[in-house]
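Each chain gets a letter, A, B and so on, in the order the sequences are listed, and its residues count up from 1. Here the structure is a predicted model, which is why all the values come from computation and not from measurement.
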Amino acid sequence: MISEKDVDYVALLGRLKLTDEERKLYTGQLNNILEHFDRLKELDTAEVPPTAHVLPLKNVFRADRTGPDLAPEQVLAGAPDRDGRYFKVPRIV
Amino acid sequence: MNRRLATGAARRKGYRGMEYETVIGLEVHVELKTESKVFCHSTTGFGGDPNSHVCPVCLGLPGVLPVVNRQVVEWAILLGLAINCRIASFSKFDRKNYYYPDMPKNYQISQYDLPICLGGHLDIEADGVKKRIGITRLHMEEDTGKLVHQGTITTTPYSLVDYNRAGIPLLEIVSEPDMSSPLEARAYAEKLRQIIVYTGVSDGKMEEGSLRCDANVSVRPRGSTRLGTKAEIKNMNSFRALQRALTYEVERQIGVLEEGGRVVQETRTWDEGKGVTLSLRSKEQAHDYRYFPDPDLVPLVIDPAWVEEIRACLPELPEARSARYVEKLGLSAYDAGVLTAEKSLADYFEACLALYPEAKAVANWVMGDLARLLNAAGQSVDQGRVTPERLVGLLQLIDRGEISGKMAKDVLEAMFATGADAVRVVREKGLSQISDEGAILEVIRRVLTENANVVADFRAGKDRALGFLVGQVMKKTRGQANPDAVNRLLRETLQEQG
Ligand SMILES: [Zn+2]
């Protein structure tokens with residue numbers, strides 16, 4: 001069981017502001033999900049290797065070669081705030 | 001007596017008579033010198049305007065697909081082999097999630113539970129004591145961007161961010177907590193750097209940030225098997241700073257315990273100017289990284305044949321090279337150690353040997369006068385103007401008797417300063433040694449006439465008088481006379497006259 005306190009903690013990590021209603025709603029929904037995992041846990045997976053990726057792919061590489069970088073205006077086009085060619089962010093701590 | 005006790009630094013007695021042991025583990029980050037970043041084609045070039053070496057992948061824009069640089073994987077395996085790790089047959093990338101604007105996507109791609117290399121070791125020597133330091137793991141990750149504050153991070157009204165460094169490939173090498181003194185920690189870090197530079201995967205420059213050391217430090221009462229609470233020390237920008245910071249931190253922790261306090265688990269930063277470690281109490285320390293496999297990157301399956309291919313590319317490492325110098329070239333262990341300390345110096349030494357196969361003579365010049373000039377100029381041997389060809393040219397002039405060994409020192413100095421070859425320096429400075437016996441004899445006769453009383457002393461059996469006469473001849477020839485010839489001719493002349 002996860003509590004509303006757990007939901008608050010997860011919200012903090014995700015930088016989400018929750019209303020009381022949302023907190024209750026997500027606590028219920030997350031508990032439903034976890035219950036489902038409890039059911040999955042009943043399966044015997046002793047012989048099943050853990051999955052690291054959903055696609056049956058491995059060793060996809062690129063060669064060590066450079067390519068074109070973005071133009072300065074493109075780089076900063078989506079930035080909420082800037083100072084010259086820097087991104088500008090609010091005080092961190 | 002315990003071998004380790006001999007190092008002295010391993011234990012320290014508190015004033016209440018309690019003895020403490022130090023436990024240190026190091027995390028070393030090394031920046032690889034690839035052309036492009038680890039997961040995209042942006043350049044790793046140094047400098048450039050802020051945010052000019054970025055693309056949608058390293059900016060973390062939605063919908064992009066990172067693909068790992070093959071060179072990064074191969075160099076991770078190469079360095080892993082060099083530090084005696086086993087290479088994992090199965091490895092993957094994970095997301096390390098955190099909120100801090102040095103990464104634009106709010107996570108750093110790293111490796112969590114399945115790193116590419118595991119379980120290695122390095123043999124170090126500190127205070128003449130040899131010790132094996134375990135290596136827990138080596139993994140690949142991406143570097144973060146650079147933050148620019150106005151003043152300090154806590155007082156700045158805002159911060160500026162440059163993502164040029166974000167996505168530059170790093171290898172992180174985590175040691176076991178096997179070091180029991182700051183000196184051992186330094187020896188380990190220096191040895192690791194030496195091997196990194198030998199493998200050629202990084203230039204390993206600590207001052208420029210391509211090699212970074214963080215340390216986990218704790219102390220405990222001697223004999224205790226439980227680890228004390230550790231502090232993590234950051235921001236040590238040289239090997240000297242590493243040793244100083246750890247020495248300070250060990251004393252600080254013992255001080256806390258001696259006063260009945262408790263060491264707090266925290267991150268501390270080394271303040272080089274003040275010579276202290278300072279607590280970094282900030283929200284940043286509430287870590288919960290929620291690692292999970294990065295769904296954008298597929299796993300690595302490394303078959304033994306690939307590992308063997310890479311192993312075949314391993315260069316001769318410092319220990320092997322040093323042993324070869326002792327066994328094959330007949331150098332002393334000390335000389336071999338000095339010559340192989342830096343790969344560039346050993347390469348230079350061998351380039352000289354290829355032209356002039358007198359190992360001891362070359363070693364003496366390389367480690368002596370040349371090293372002194374390089375140190376004074378703050379240059380490494382590959383930056384200097386005295387190429388192997390030129391040093392050998394100098395040695396050949398000595399062999400041919402054209403200059404004395406003593407004159408050669410001055411010639412080397414001029415070669416170093418001007419970049420000229422030995423023959424030219426000798427000609428331009430008029431330094432050529434006088435081997436013409438007629439010219440020397442003329443000077444000898446003049447000296448004997450001017451110093452009749454000394455000659456009388458010599459005849460009266462005072463051997464020291466001969467030395468004086470040799471000195472006078474050398475002085476008159478401004479040191480250019482061949483000393484062997486002077487000695488011989490002087491004796492002959494005295495005999496003839498006597
Ligand atoms: Zn990029």
Side-chain angles (χ1 to χ4, degrees), chain A residues 2-3 5-18 26 30 33-34 37 40 45 47-93, chain B residues 34-37 39-45 49-56 59 61 67-73 90-92 97-102 104 106 114 145 147-149 153-163 282-284 286 288 290 293-295 297-302:
Chain A
I2 69 163
S3 65
K5 223 176 119 185
D6 296 326
V7 173
D8 274 337
Y9 178 64
V10 174
L12 173 76
L13 290 174
R15 301 298 188 270
L16 297 170
K17 200 176 276 176
L18 301 183
Y26 297 144
L30 287 170
I33 292 167
L34 288 183
F37 274 94
L40 290 176
T45 58
E47 301 291 307
V48 185
T51 303
H53 200 276
V54 291
L55 299 174
L57 287 172
K58 60 176 188 183
N59 297 356
V60 177
F61 299 116
R62 39 173 286 275
D64 182 25
R65 274 197 288 275
T66 55
D69 282 315
L70 280 180
E73 285 316 307
Q74 287 179 296
V75 172
L76 293 155
D81 201 359
R82 62 186 280 186
D83 184 340
R85 293 191 57 164
Y86 285 101
F87 291 89
K88 188 173 173 182
V89 299
R91 195 159 114 182
I92 301 158
V93 293
Chain B
T34 52
E35 296 288 319
S36 63
K37 292 184 177 178
F39 299 117
C40 67
H41 64 222
S42 298
T43 175
T44 55
D49 286 328
N51 297 302
S52 61
H53 298 168
V54 291
C55 75
L59 278 177
L61 298 183
V67 182
V68 70
N69 185 335
R70 187 185 176 102
Q71 184 72 82
V72 173
V73 177
F90 185 91
S91 179
K92 67 178 170 69
N97 299 279
Y98 65 96
Y99 278 84
Y100 200 70
D102 63 357
N106 285 337
L114 295 170
L147 300 175
V148 181
H149 312 300
I153 191 169
T154 47
T155 58
T156 185
Y158 58 86
S159 296
L160 302 178
V161 195
D162 173 9
Y163 290 122
S282 71
K283 286 179 213 161
E284 205 201 328
D288 187 346
R290 294 150 292 141
D294 192 317
L297 289 153
V298 300
L300 299 171
V301 177
I302 296 157

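Using a distance-only test at 3.5 Å, with no hydrogens or angles considered, no donor-acceptor pair links the side chain of B:Asp162 to the main chain of A:Arg85. A distance-only check finds a donor-acceptor pair linking the side chain of B:Thr156 to the backbone of B:Tyr158 [under 3.5 Å]. Distance alone, capped at 3.5 Å, is enough to place a donor-acceptor pair between the B:Asn69 side chain and the B:Lys37 backbone.
Residue contact with chain A, scored on non-hydrogen atoms closer than 4.5 Å, is absent for B:Leu114. Both the backbone and the side chain of B:Pro299 come within less than 4.5 Å of a heavy atom in chain A. Using a 4.5 Å cut-off between heavy atoms, A:Arg65 touches chain B through its backbone atoms (N, CA, C, O) alone. Only the side chain of B:Phe90 comes within less than 4.5 Å of a heavy atom in chain A; its backbone stays farther off. Contacts between B:Leu160 and chain A at a heavy-atom distance below 4.5 Å involve backbone atoms as well as side-chain atoms. Contacts of B:Asn106 with chain A are absent, with no heavy-atom separation under 4.5 Å from either backbone or side chain. Looking at A:Leu55, neither its backbone nor its side chain comes within 4.5 Å of chain B, counting heavy atoms on both sides. For chain B, the nearby parts of A:Ala52 are the backbone and the side chain; heavy atoms of each come within less than 4.5 Å. Of the atoms belonging to B:Pro104, not a single heavy atom falls under 4.5 Å from chain A. Using a 4.5 Å cut-off between heavy atoms, B:Pro293 contacts chain A through its side chain alone, with no backbone atom that close. Interface residue B:Val148: only side-chain heavy atoms are found under 4.5 Å from chain A.
Atom CG of A:Asp83 and atom NZ of A:Lys88 lie 5.5 Å apart (nearest 0.5 Å).
No side-chain heavy atom of A:Val54 sits under 4.5 Å from any side-chain heavy atom of B:Pro295.
Comparing B:Leu61, B:Thr44, B:Leu59, B:Val67 by how many heavy-atom pairs each has under 4.5 Å with chain A, the most go to B:Val67.
Between the side chains of B:Asp288 and A:Tyr9, at least one donor-acceptor pair of N or O atoms lies under 3.5 Å. Side-chain atoms of B:Thr43 and A:Asp69 form no donor-acceptor pair, as typed in the model, at a separation below 3.5 Å.
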